[in-house]
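For reference, the structure is listed below as structure tokens.
Remember, it's a predicted structure, so these values are computed and weren't measured experimentally.
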Amino acid sequence: MAEQERQRIHRIASQVRKDYEKWYGETCDLGGFCQAVTTLISALLESHGIQHELVLGYWIMEDGSERGHAWIEFPQYGGAILDATATQF
């Protein structure tokens with residue numbers, strides 16, 4: 001991954017996460033916000049011309065139950081994943 005693009009991706013994701021934490025409190029683990037956070041990051045990445053895929057899938061919990069989840073993948077970087085709300089797990 002080109003260093004400049006990696007830094008841009010990190011800045012975008014960090015800013016969106018900080019904004020949500022500001023709105024909902026720093027102790028909020030962003031549980032239930034994955035689609036909103038990921039969709040906003042996706043829109044910002046797109047506006048910066050950064051290729052990515054918005055993935056709507058499932059996370060398998062420790063008890064075996066499935067929980068809907070959203071994240072971003074970068075196929076051009078070996079399928080690297082950006083999950084800005086992973087702290088909810």
Side-chain angles (χ1 to χ4, degrees):
M1 181 179 306
E3 183 61 23
Q4 185 177 15
E5 187 163 274
R6 186 194 70 75
Q7 289 177 357
R8 187 175 302 137
I9 292 166
H10 185 264
R11 277 194 307 273
I12 290 168
S14 294
Q15 188 59 56
V16 170
R17 185 171 172 95
K18 284 178 189 175
D19 288 346
Y20 268 81
E21 288 172 344
K22 181 179 174 184
W23 296 328
Y24 296 102
E26 288 184 18
T27 59
C28 177
D29 67 5
L30 300 180
F33 291 101
C34 60
Q35 188 169 356
V37 168
T38 302
T39 300
L40 179 54
I41 292 170
S42 176
L44 293 168
L45 292 171
E46 192 170 309
S47 74
H48 283 87
I50 299 172
Q51 294 180 339
H52 64 284
E53 292 179 4
L54 173 60
V55 180
L56 302 175
Y58 292 91
W59 179 269
I60 299 175
M61 304 298 286
E62 288 181 10
D63 64 4
S65 64
E66 294 180 350
R67 184 171 169 188
H69 192 55
W71 63 91
I72 293 171
E73 292 184 3
F74 299 93
Q76 71 274 30
Y77 299 124
I81 294 172
L82 169 61
D83 188 346
T85 64
T87 53
Q88 67 182 300
F89 301 108

- Task: Verify, without hydrogens or angle tests, whether H69 (side chain) and R67 (backbone) share a donor-acceptor contact under 3.5 angstrom.
- Result: no

- Message: Donor-acceptor check, side chain of T39 to backbone of Q35, threshold 3.5 angstrom: yes or no?
- Response: yes

- Query: Are the side chains of Y77 and R6 in touch, meaning some heavy atoms are under 4.5 Å apart?
  - Reply: no

- Can you name the side-chain contact (heavy atoms from CB on, under 4.5 Å) partners of R11, sequence neighbours left out? Q7, R8

- Apart from I81 itself, its cluster of hydrophobic side chains linked below 4.5 Å comprises V55, W71

- Query: Quick one: side-chain contact (heavy atoms from CB on, under 4.5 Å) partners of E66, sequence neighbours excluded?
  - Reply: Y58, I60

- Minimum heavy-atom distance between T38 and A70, given as atom pair plus value: OG1-O, 3.4 Å

- For A84 against I41, the heavy-atom pair lying closest together: CB-CD1, 3.6 Å

- E21/K18 ion pair, N-O < 4.0 Å: no

- Quick one: side-chain contact (heavy atoms from CB on, under 4.5 Å) partners of L40, sequence neighbours excluded? V16, Y20, L44

- Task: For residues Q76 and H52, determine if any side-chain heavy atom of one lies less than 4.5 Å from a side-chain heavy atom of the other.
- Result: no

- Message: Test of understanding: with side-chain hydrogen bond (donor to acceptor under 3.5 Å, both in side chains), list the residues that count as partners of S47, not counting sequence neighbours.
- Response: none

- Note on the structure: For Q51, the side-chain hydrogen bond (donor to acceptor under 3.5 Å, both in side chains) test, sequence neighbours excluded, returns none

- Item | For H10, side-chain contact (heavy atoms from CB on, under 4.5 Å) partners two or more places apart | S14

